Amino acid sequence: MKKWMIVAGMSGLLVSTGCANNGNEESGAEEAEEASSDASGENNGEGQEETEGDTEENAEEAENDEQADAGEEPPKTEENGNLENPSAIDALINREYHLPSDYEPENLVIPDVAFPFEGEPQKKYMREKAAAQLENMFAEAQEEDIELSAVSGYRSYDRQESIFAANAEEDGEEEANKYSARAGESEHQSGLAMDVSAASVGYSLTTDLGETEEGEWLEENAHEYGFVVRYPEDKTDITGYQYEPWHVRYVGKDLAGMLHENDWVMEEYYREELEEESSNGEEDK
């Protein structure tokens, strides 16, 4: 992994767009970015065996009940909605919970994974811990003959601001807000998100990815590496954004496993279901 020190003022890097939650992507490799107590004991008879069986069943039910109720209180924010702890791995980032305009994640590196373009643009970077797990996930996918490609990672506040402004100018602010995040509301600014695609869809960010072998593998296995597919198709009314099978977000293995097992998105985990209308657009804009 190549490390990168962030320097304030990144206007020279404001040339790319991002995923539907964040910006405008076009099809193609280079254009994609330019346009996430077991019961135990010895069995000493039929009556005892039956009792122990009941105990184990009750313990399992109790464990499941506890997990089903395992929502946390939403993260603390300032009066303007900015997160008090923006660097938290499990930070909830959306229209209500924002990253401060001056927040730049530390330890940004380029993960050693396949990209469909050359160079070292800003969009290749992720926070080091997330990048390491992305490498592990891509390596395991390759072992199973699944070829994944990383398309868009870190994005600064200023860059996101530019992207949203362009989308609002093209489609109007209200419409743009259905598929594009305002500055501070994008997970990409956290350095924990990566848009992932594959050659089978021309490295584009499209819902078609969800119907491919690569997209299905990503949905089924991402949690084992601490990632979640952040904007599922059946949760658009909760997340407030369109279906994005390409957008994975690192939250850590424990939380990712819990979200996967309970079929939750982060808003449900934090009991902060959003009622925003989501876009049914086919491709990211």
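Nothing here was measured: the structure is a model prediction, and the numbers come from that model. The first residue of the sequence shown is numbered 1, and numbering continues consecutively from there.
- Heavy atoms only, all atoms of each residue included: S197 and L205 are closest at CB-CD2, 4.2 Å.
- Put simply, the side chain of Y231 reaches to within 4.5 Å of the side chain of E187, judged on heavy atoms.
- Here NE2 of H98 is found 8.5 Å from CG of L83. Values are rounded to the nearest 0.5 Å.
- Side chain of S180 to main chain of N177: no donor-acceptor pair is present (N/O by atom type, distance under 3.5 Å, no hydrogens or angles).
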Please evaluate residues K235 and E267 with respect to the criterion salt bridge (Lys or Arg N to Asp or Glu O under 4.0 Å), reporting the C-alpha separation (whole Å), side-chain torsions for both, the decisive distance (0.1 Å), and the verdict.
CA-CA 10 Å; K235 303 285 186 175; E267 284 79 6; over 6 Å; no
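- Two residues are said to be in side-chain contact when any heavy atoms from C-beta on lie closer than 4.5 Å; I93 and E185 fail this criterion.
- K124 places a side-chain N or O within donor-acceptor distance of the main-chain N or O of G119, the cut-off being under 3.5 Å.
- For E104 (side chain) and S156 (main-chain N/O), no donor-acceptor pair under 3.5 Å exists by modelled atom type.
- Taking the ring centre of F117 as origin, the terminal cationic atom of K123 falls inside the region bounded by 6.0 Å and 45° from the ring axis.
- A side-chain donor-acceptor contact under 3.5 Å links Q160 to the backbone of A181.
- Note: H223 and H260 have parallel aromatic rings, judged against thresholds of 30 and 60 degrees for the angle between ring planes.
- Every residue meeting the side chain to side chain contact (heavy atoms under 4.5 Å, CB included) condition with Q142, not counting sequence neighbours, appears here in chain and number order: E147.
- For S204 (side chain) and V201 (main-chain N/O), a donor-acceptor pair under 3.5 Å exists by modelled atom type.
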Decide yes or no on side-chain contact (heavy atoms from CB on, under 4.5 Å) for L192 and K129, but give the supporting numbers first.
CA-CA 9 Å; L192 298 171; K129 190 170 184 179; over 6 Å; no
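- When all heavy atoms are compared, the tightest approach of D171 to E175 is O-CB, 3.4 Å.
- The backbone N or O of Y250 sits nowhere less than 3.5 Å from a side-chain atom of R127 that would complete a donor-acceptor pair.
- In E140, the CD atom is crowded: over 12 heavy atoms of neighbouring residues, nucleotides or ligands sit closer than 6.0 Å.
- The side-chain heavy atoms of D90 and Y270, taken from C-beta on, include a pair separated by under 4.5 Å.
- A distance-only check finds a donor-acceptor pair linking the side chain of N221 to the backbone of W217 [under 3.5 Å].
- For E173, the salt bridge (Lys or Arg N to Asp or Glu O under 4.0 Å) test picks out R182, with sequence neighbours left out.
- Heavy-atom contacts from other residues, nucleotides or ligands closer than 6.0 Å to CD of E78 number more than 12.
- Checked by atom type and distance alone, the side chain of E216 never pairs as donor or acceptor with a backbone atom of L209 at under 3.5 Å.
- Atom OG of residue S190 and atom CG of residue L99 lie 6.5 Å apart, to the nearest 0.5 angstrom.
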Between L259 and E268, is the side-chain contact (heavy atoms from CB on, under 4.5 Å) condition met? List the steps.
CA-CA 9 Å; L259 295 177; E268 291 173 299; over 6 Å; no
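- With hydrogens and angles ignored, the 3.5 Å screen pairs a side-chain donor or acceptor of N80 with a backbone N or O of N82.
- For Y225 and F227, the distance between ring centers is not under 6.0 angstrom.
- Rounding to the nearest 0.5 Å places CE of M126 at 10.5 Å from OG of S152.
- Two residues are said to be in side-chain contact when any heavy atoms from C-beta on lie closer than 4.5 Å; P245 and L218 fail this criterion.
- Between the side chain of E135 and the backbone N or O of D112 there is at least one donor-acceptor pair closer than 3.5 Å.
- T77 approaches Y97 most closely through the heavy-atom pair CG2-CD2, 3.3 Å.
- Taking a 6.0 Å sphere around CD of E219, one finds it holds 12 or fewer heavy atoms contributed by other residues, nucleotides or ligands.
- Judged by a 6.0 Å distance limit and a 45° cone about the ring axis, R159 is not positioned over the six-membered ring of Y154.
- Taking a 6.0 Å sphere around CD of E144, one finds it holds more than 12 heavy atoms contributed by other residues, nucleotides or ligands.
- A 4.5 Å side-chain heavy-atom check between H188 and H247 finds at least one atom pair inside the cut-off.
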Test log, rule side-chain contact (heavy atoms from CB on, under 4.5 Å), inputs E106 and S87:
CA-CA 9 Å; E106 298 180 353; S87 63; over 6 Å; no
